[in-house]
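Hydrogens, waters and symmetry mates are skipped; everything else that's a heavy atom, side chains included, is used. Computed from a prediction, not measured in an experiment: that's the story for all the values here.
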Amino acid sequence: MSKDVSMYLRIRRLNQTYFVMCNGDDTVGYLKEQISLATKKETKPEHMRLINAKDNQPLEDDTEKLSKHEDLKNESELYVVFQISEKEWEDVNVQSTEAMAGGDAP
């Protein structure tokens, strides 16, 4: 990912998709802040975990710049899960867009 190029990432949870504009100098924490704003701060950034949809690996360091993740490009997809309790997190559970639209998705 180039540091200077603006792009948007699709961050999915359940039947929701958050579109976040960002660039390579932004951090994982920035993405969480944007999701928190979209949820009207009902869920704080520290109660979120971002997961790369390609390899299902969490992006754990909030201070890490997005440019470190070479596989993140414009229109890349991430998952977000929320913390349920002190030691428990939601599972990744994302509905396909075809299923939401009433299509024949498996």
Only counting residues at least two apart or in another chain, list the ones meeting side chain to side chain contact (heavy atoms under 4.5 Å, CB included) with T43. T39, H47, M48, F82
OH of Y79 to OG1 of T17: how many Å apart, nearest 0.5 Å? 10.5 Å
Check whether any side-chain heavy atom of L72 lies under 4.5 Å from a side-chain heavy atom of L78, and answer yes or no. yes
Y18 meets the side-chain hydrogen bond (donor to acceptor under 3.5 Å, both in side chains) criterion, sequence neighbours left out, with Q16
Minimum heavy-atom distance K68-E64, with the two atoms named: NZ-OE2, 2.9 Å
Which residue pairs satisfy the salt bridge (Lys or Arg N to Asp or Glu O under 4.0 Å) criterion with at least one member in residues 36-49, sequence neighbours excluded? none
If I take atom CD1 from residue I11 and atom SG from residue C22, how far apart are they, to the nearest 0.5 angstrom? 7.5 Å
Check the surroundings of atom CG in D55: do more than 12 heavy atoms from other residues, nucleotides or ligands lie under 6.0 Å from it? yes
Verify, without hydrogens or angle tests, whether R10 (side chain) and E75 (backbone) share a donor-acceptor contact under 3.5 angstrom. yes
Any side-chain heavy atom of D62 within less than 4.5 Å of one from P45? no
Just by modelled atom types, is the S36 backbone N or O under 3.5 Å from a matching donor or acceptor in the E33 side chain? no
Answer yes or no: is there a side-chain heavy-atom contact under 4.5 Å between V20 and Y30? yes
Is there a side-chain contact between D25 and K65, using heavy atoms and a 4.5 Å cut-off? yes
Rounded to the nearest 0.5 Å, what's the gap from CG on L31 to CG on L50? Could you check? 6.0 Å
Set of side-chain hydrogen bond (donor to acceptor under 3.5 Å, both in side chains) partners for K54, sequence neighbours left out: none
Tell me, do T63 and T27 make a side-chain contact under 4.5 Å, heavy atoms counted? no
I51 side chain reached by L59 side chain, heavy atoms, under 4.5 Å: no
Evaluate side-chain contact (heavy atoms from CB on, under 4.5 Å) for R13 paired with V81, printing each intermediate quantity in order. CA-CA 7 Å; R13 176 182 179 261; V81 293; over 6 Å; no
Applying side-chain hydrogen bond (donor to acceptor under 3.5 Å, both in side chains) to N52 and not counting sequence neighbours gives D71
Not counting sequence neighbours, which residues clear salt bridge (charged side-chain N to carboxylate O under 4.0 Å, His left out) with D61? List them please. none
Answer yes if M21 and L9 sit in the same cluster of Ile, Leu, Val, Met, Phe, Trp and Tyr residues linked by side chain heavy atoms under 4.5 Å apart, and no otherwise. no
pair Y8-N74: side-chain heavy atoms closer than 4.5 Å: yes
